[in-house]
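Below, read A as the first sequence line, B as the second, and so on, with proteins coming before strands; counting in each chain starts at 1.
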Protein chains: 2
Amino acid sequence: MEFDDKVPIYYQIKTVIYDQIIAGQLAPGDKLPAVRQLAVSLTVNVNTVQRALREMIDEGVIISQRGKGNFVTDNADIVEQLKEKLINRYLKQFYDRLHRLKISNQQIIDEVTAYIERQGDLNDNNAES
Amino acid sequence: MEFDDKVPIYYQIKTVIYDQIIAGQLAPGDKLPAVRQLAVSLTVNVNTVQRALREMIDEGVIISQRGKGNFVTDNADIVEQLKEKLINRYLKQFYDRLHRLKISNQQIIDEVTAYIERQGDLNDNNAES
DNA sequence: TCTAGTGTATTAGTTTCCTATTACACTATA
DNA sequence: TATAGTGTAATAGGAAACTAATACACTAGA
């Protein structure tokens with residue numbers, strides 16, 4: 001996998017897994033790949049995977065069972081809260097950035113709309129990928 | 001100033017200065033504060049400021065004149081290109097993030113609109129700050 | 001010409017992230 | 001009960017970012 005060298009890898013791994021949970025690719029109760037397997041597929045050290053997991057466990061989203069594996073919490077509320085938290089974080093960061101550039105609110109909406117019309121034509125159906 | 005500990009400080013300094021240039025708070029030809037002054041006001045080491053400047057100089061946005069100071073390029077085209085580049089980068093990052101969460105294109109637009117209505121009411125006029 | 005204000009470079013030391021390696025703890029099952 | 005598959009911990013070493021301190025190079029103006 002490709003990583004942004006401006007952000008810690010463990011943090012990007014956490015983001016990827018959270019995204020998969022929110023997108024439903026990892027459902028509540030699902031078992032994650034083994035840490036050693038994750039490390040191989042991400043081309044990263046086991047300790048780096050473990051660090052990402054540590055934070056997700058501390059946040060209650062991942063449940064760890066020694067000897068068995070790591071699992072997505074079966075508490076759907078936690079997943080739902082995570083989703084809202086992340087969406088709001090992304091919205092805020094995006095809005096703050098453009099607002100700092102003195103782009104007006106209407107312009108921000110227009111830019112997003114135009115961007116989606118330009119780039120998003122083929123990706124409107126979210127069923128496949 | 002507050003920094004995000006997930007991103008190198010020098011990179012965040014670069015972002016702040018670029019934002020000020022694009023927002024017009026630093027106009028083409030304007031002189032930047034002295035590096036030592038910037039270091040103090042950002043509560044950061046001179047070398048860290050210098051590293052941010054180095055990249056902006058290499059990218060042609062800042063012109064350095066030894067003994068005189070650092071200046072925003074007076075080439076308005078470069079500034080305009082920078083603006084488009086950054087806006088597009090922010091749009092792409094935002095869109096990719098939400099799309100990864102399986103948020104549909106229409107939902108993305110709706111979320112942005114709702115967010116702005118919620119948060120942006122008092123900031124619609126961009127003349128003051 | 002001296003001095004203050006500017007950018008630039010270098011060296012040394014700390015912290016964080018990441019890797020590599022090894023070891024340990026627990027579970028399920030042949 | 002052995003073994004394979006799992007999570008967890010600890011140590012050591014390297015690389016990048018940041019700080020601190022010092023020195024050097026250039027400009028403008030008294």
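- Nearest approach of Leu86(A) to Asp19(A), heavy atoms of both residues: CD1-OD1, 4.4 Å.
- Rounded to an integer number of Å, the gap from OH of Tyr11(A) to P of dC18(C) is 13 Å.
- If you measure from atom CG of Asp4(A) to atom P of dA17(D), you get 12 Å, rounded to the nearest angstrom.
- Between Lys14(B) and Glu59(B), at least one side-chain N (NZ, or NE/NH1/NH2) sits under 4.0 Å from a carboxylate O, which counts as a salt bridge.
- Rounded to an integer number of Å, the gap from Ile57(B) CD1 to dA9(C) C1' is 13 Å.
- Taking only distance into account, the side chain of Asn47(A) meets the base of dA10(D) through a donor-acceptor pair shorter than 3.5 Å.
- A straight line from CG of Asn45(A) to P of dA15(D) spans 16 Å, rounded to a whole angstrom.
- Rounded to an integer number of Å, the gap from Phe3(A) CZ to dA16(D) P is 17 Å.
- At the phosphate of dC17(C), neither OP1 nor OP2 sits under 4.0 Å from any side-chain N or O atom of Thr48(A).
- Contact annotation: Tyr10(B) side-chain N/O to dC18(D) OP1/OP2 distance is not under 4.0 Å.
- In this structure, Thr73(A) and Ile63(A) approach most closely via the heavy-atom pair CA-CG1, 4.0 Å.
- A ring-centre distance under 6.0 Å is not found for Tyr90(A) and Phe94(B).
- Taking 4.0 angstrom as the limit, Asn70(A) places none of its side-chain polar atoms (N or O) nearer than this to OP1 or OP2 of dT6(D).
- Between the CD atom of Gln37(A) and the C1' atom of dG7(D) there is a distance of 15 Å, rounded to whole Å.
- Comparing dC26(D), dT8(D), dA20(D) by their nearest atom to the side chain of Arg66(B) picks out dC26(D).
- One axis for each end of the helix from dT1(C)-dA30(D) to dA30(C)-dT1(D), each built from five base pairs, and the angle between them comes to 0° at 10° resolution.
- Comparing dT8(C), dC18(D), dT6(D) by their closest approach to the side chain of Lys31(A) singles out dT6(D).
- Note: CD1 (Ile9(B)) to P (dA16(D)) measures 18 Å, nearest angstrom.
- Salt bridge status for Asp96(B) with Arg100(B): absent, with no side-chain N to carboxylate O gap under 4.0 Å.
- In plain terms, the two heavy atoms of Ile57(B) and Ser64(B) that are nearest each other are CD1-CB, 3.6 Å.
- In terms of position along DNA chain D, the nucleotide closest to Ala34(A) lies nearer the 5' end than the nucleotide closest to the other residue of the pair Asp5(A) and Ala34(A).
- Lys83(A) pairs by the salt bridge (charged side-chain N to carboxylate O under 4.0 Å, His left out) definition with nothing, not counting sequence neighbours.
- Here dT8(C) is the nucleotide among dG7(D), dT8(D), dT8(C) with the atom lying nearest to any side-chain atom of Ser64(B).
- Atoms CG (Leu53(B)) and C1' (dA9(C)) sit 14 Å apart, rounded to a whole Å.
- Looking at Asp58(B), its side chain never comes within 3.5 Å of a backbone N or O of Glu55(B) through a donor-acceptor pair.
- The listed nucleotides are dT19(D), dG7(C), dA9(D); the one nearest the side chain of Val44(B) is dT19(D).
- Between the side chain of Arg36(B) and the base of dG7(C), a donor-acceptor pair under 3.5 Å is found.
- At dA28(D), one or more side-chain N or O atoms of Lys68(B) fall inside 4.0 Å of OP1 or OP2 (strictly under the cut-off).
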